[in-house]
Amino acid sequence: MFRRTMNFSLLTCLAFACAGVCAASNEYKGGSGDAVKSWPPRDSTILKTPTQPLCIYIFDPDPRRNDGAKVIENKLLASAEVKEQLKGFLVVKIKSDGTDAKGWPGDYLARAKSNAAIIVCTTDMAQTVFYDKGTIKEYMTPQHLAGTLAGVLTYEKKKKELTDKKPA
């Protein structure tokens with residue numbers, strides 16, 4: 001009887017230990033993906049007079065399971081297609097709690113609470129596209145994001161051509 005109880009207790013302890021290891025291996029800390037590691041945080045002053053279109057990545061810094069950040073960092077932003085388009089953008093990475101960069105609008109930061117978000121903006125802020133937990137699943141693909149980035153670059157090019165043609 002004692003032996004059966006001891007075996008049961010030992011198995012229970014092992015099961016809890018395995019569950020803890022499995023849960024820990026599912027954790028993903030936002031902002032740690034290779035695609036965004038080198039992106040600097042910047043204050044919101046860049047929104048006032050951006051010189052390039054912006055790609056802003058906002059993530060929840062809590063060290064827990066963050067599946068949204070994992071998908072955005074390792075699937076969307078890590079794509080070769082997206083990386084190529086991002087060459088024409090000023091890229092920024094900020095924490096959703098606002099501790100690393102000041103002055104960001106609360107509605108921008110809220111989109112990444114317990115998750116992550118990408119915000120793509122034109123230099124005149126006339127076009128702003130959000131990719132976050134509310135985005136339709138079919139749009140959360142590297143091809144769709146690359147298309148959005150290409151569209152913004154085309155808009156910027158046409159806008160520049162129009163301003164260059166204006167008479168002095």
Side-chain angles (χ1 to χ4, degrees), residues 28-62 64-168:
Y28 186 81
K29 184 173 167 104
S32 65
D34 289 338
V36 297
K37 272 185 182 174
S38 64
W39 291 22
R42 298 197 180 182
D43 291 340
S44 66
T45 54
I46 62 168
L47 294 174
K48 292 180 180 157
T49 54
T51 56
Q52 290 178 274
L54 299 169
C55 182
I56 306 159
Y57 175 60
I58 306 172
F59 66 96
D60 191 330
D62 265 352
R64 64 172 182 279
R65 186 173 173 173
N66 191 337
D67 290 335
K70 187 175 184 177
V71 168
I72 288 175
E73 293 176 23
N74 298 311
K75 182 181 175 191
L76 297 181
L77 295 173
S79 160
E81 246 182 306
V82 171
K83 284 182 178 179
E84 184 62 32
Q85 295 297 329
L86 283 173
K87 290 179 181 175
F89 284 78
L90 177 61
V91 294
V92 178
K93 174 180 74 172
I94 57 176
K95 296 177 182 177
S96 64
D97 60 8
T99 56
D100 60 343
K102 304 295 179 212
W104 286 94
D107 57 330
Y108 280 25
L109 299 176
R111 288 178 176 270
K113 185 71 177 145
S114 300
N115 214 312
I118 299 171
I119 304 169
V120 180
C121 308
T122 56
T123 54
D124 59 5
M125 303 303 276
Q127 296 180 27
T128 304
V129 181
F130 295 90
Y131 287 85
D132 58 21
K133 58 188 166 201
T135 303
I136 299 170
K137 186 179 178 182
E138 289 78 21
Y139 292 169
M140 293 293 282
T141 64
Q143 296 79 17
H144 195 276
L145 178 57
T148 299
L149 297 170
V152 167
L153 292 173
T154 301
Y155 171 85
E156 293 291 339
K157 184 178 177 184
K158 288 183 180 182
K159 188 177 79 168
K160 185 174 179 347
E161 288 172 1
L162 286 174
T163 55
D164 290 346
K165 287 183 183 179
K166 279 186 180 178

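Only heavy atoms go into these numbers, but all of them, side chains included; no hydrogens, no water, no symmetry mates. Here the structure is a predicted model, which is why all the values come from computation and not from measurement.
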Any donor-acceptor pair under 3.5 Å linking the side chain of Thr163 with the backbone of Lys159?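 Yes, because the side chain of Thr163 sits within donor-acceptor range (under 3.5 Å) of the backbone of Lys159.
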Checking Glu73 side chain against Ala35 main chain: does a donor-acceptor pair fall under 3.5 Å?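 No, because the side chain of Glu73 does not come within donor-acceptor range (under 3.5 Å) of the backbone of Ala35.
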Quick one: pull up [atom1] in [X] and [atom2] in [Y] and give me the separation to the nearest 0.5 Å.
{"X": "Ile136", "Y": "His144", "atom1": "CD1", "atom2": "NE2", "value": "8.5 Å"}
{"X": "Tyr155", "Y": "Gln127", "atom1": "OH", "atom2": "CD", "value": "5.5 Å"}
{"X": "Asp60", "Y": "Lys95", "atom1": "CG", "atom2": "NZ", "value": "10.5 Å"}
{"X": "Leu109", "Y": "Ser44", "atom1": "CG", "atom2": "OG", "value": "9.5 Å"}
{"X": "Thr123", "Y": "Leu54", "atom1": "OG1", "atom2": "CG", "value": "8.5 Å"}
{"X": "Phe59", "Y": "Ile94", "atom1": "CZ", "atom2": "CD1", "value": "9.0 Å"}

Other residues, nucleotides and ligands only: do more than 12 of their heavy atoms fall within 6.0 Å of NZ on Lys157?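 Open.
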Enclosure of Lys133 NZ (heavy-atom neighbours >12, cutoff 6.0 Å):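 More than 12 within 6.0 Å, yes.
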Exercise: do Thr122 and Asp124 side chains pair donor with acceptor under 3.5 Å: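 Distance-only check passes for Thr122 and Asp124.
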Can you find a side-chain donor-acceptor pair between Thr148 and Tyr131 that sits under 3.5 Å?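 Yes, a side-chain donor-acceptor pair sits under 3.5 Å.
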State, to 0.1 Å, how close [X] and [Y] come at their nearest heavy-atom pair, and which atoms those are.
{"X": "Gly98", "Y": "Lys102", "value": "O-NZ, 3.8 Å"}
{"X": "Ala116", "Y": "Asn66", "value": "N-OD1, 4.3 Å"}
{"X": "Met125", "Y": "Cys121", "value": "SD-CB, 3.8 Å"}
{"X": "Ala101", "Y": "Arg42", "value": "CB-O, 3.1 Å"}

After noting the C-alpha distance and the side-chain angles of Thr99 and Asp97, does the key distance pass the side-chain hydrogen bond (donor to acceptor under 3.5 Å, both in side chains) rule? CA-CA 6 Å; Thr99 56; Asp97 60 8; 2.9 Å; yes
NZ/NE/NH1/NH2 to OD/OE distance under 4.0 Å, Glu161 and Lys158: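 No, this pair does not count.
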Is the shortest distance from a Lys or Arg side-chain nitrogen in Lys37 or Asp34 to a carboxylate oxygen in the other one below 4.0 Å?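 Yes, Lys37 and Asp34 are salt-bridged.
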Candidates Ile72, Asp132, Val129, Leu149 - the one meeting side chain to side chain contact (heavy atoms under 4.5 Å, CB included) with Ile118: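 With Ile118 as partner, side chain to side chain contact (heavy atoms under 4.5 Å, CB included) holds for just one option, Ile72.
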Run through Asp62, Ile58, Asn115 and flag the one making a side chain to side chain contact (heavy atoms under 4.5 Å, CB included) with Ser96.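 With Ser96 as partner, Asp62, Ile58, Asn115 yield a single side chain to side chain contact (heavy atoms under 4.5 Å, CB included), made by Ile58.
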Begin with the C-alpha distance, continue with both residues' side-chain angles, and end with the deciding distance and a verdict on side chain to side chain contact (heavy atoms under 4.5 Å, CB included) for Tyr108 and Thr128. CA-CA 11 Å; Tyr108 280 25; Thr128 304; 4.1 Å; yes
Side chain to side chain contact (heavy atoms under 4.5 Å, CB included) evaluation trace for Tyr28 with Asn74: CA-CA 11 Å; Tyr28 186 81; Asn74 298 311; 3.2 Å; yes
For Trp39 and Leu77, what are the C-alpha separation, side-chain angles and deciding distance, and is it a side chain to side chain contact (heavy atoms under 4.5 Å, CB included)? CA-CA 11 Å; Trp39 291 22; Leu77 295 173; 4.0 Å; yes
Measure the shortest side-chain to side-chain distance between Leu47 and Pro105 over non-hydrogen atoms and say whether it is less than 4.5 angstrom.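 With C-beta onward as the side chain, the pair touches.
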Return a table of donor-acceptor pairs under 3.5 angstrom between the side chains of residues 80-92 and protein atoms on other chains or two or more places apart.
unit_1, atom_1, unit_2, atom_2, d
Glu84, OE1, Lys87, NZ, 3.0

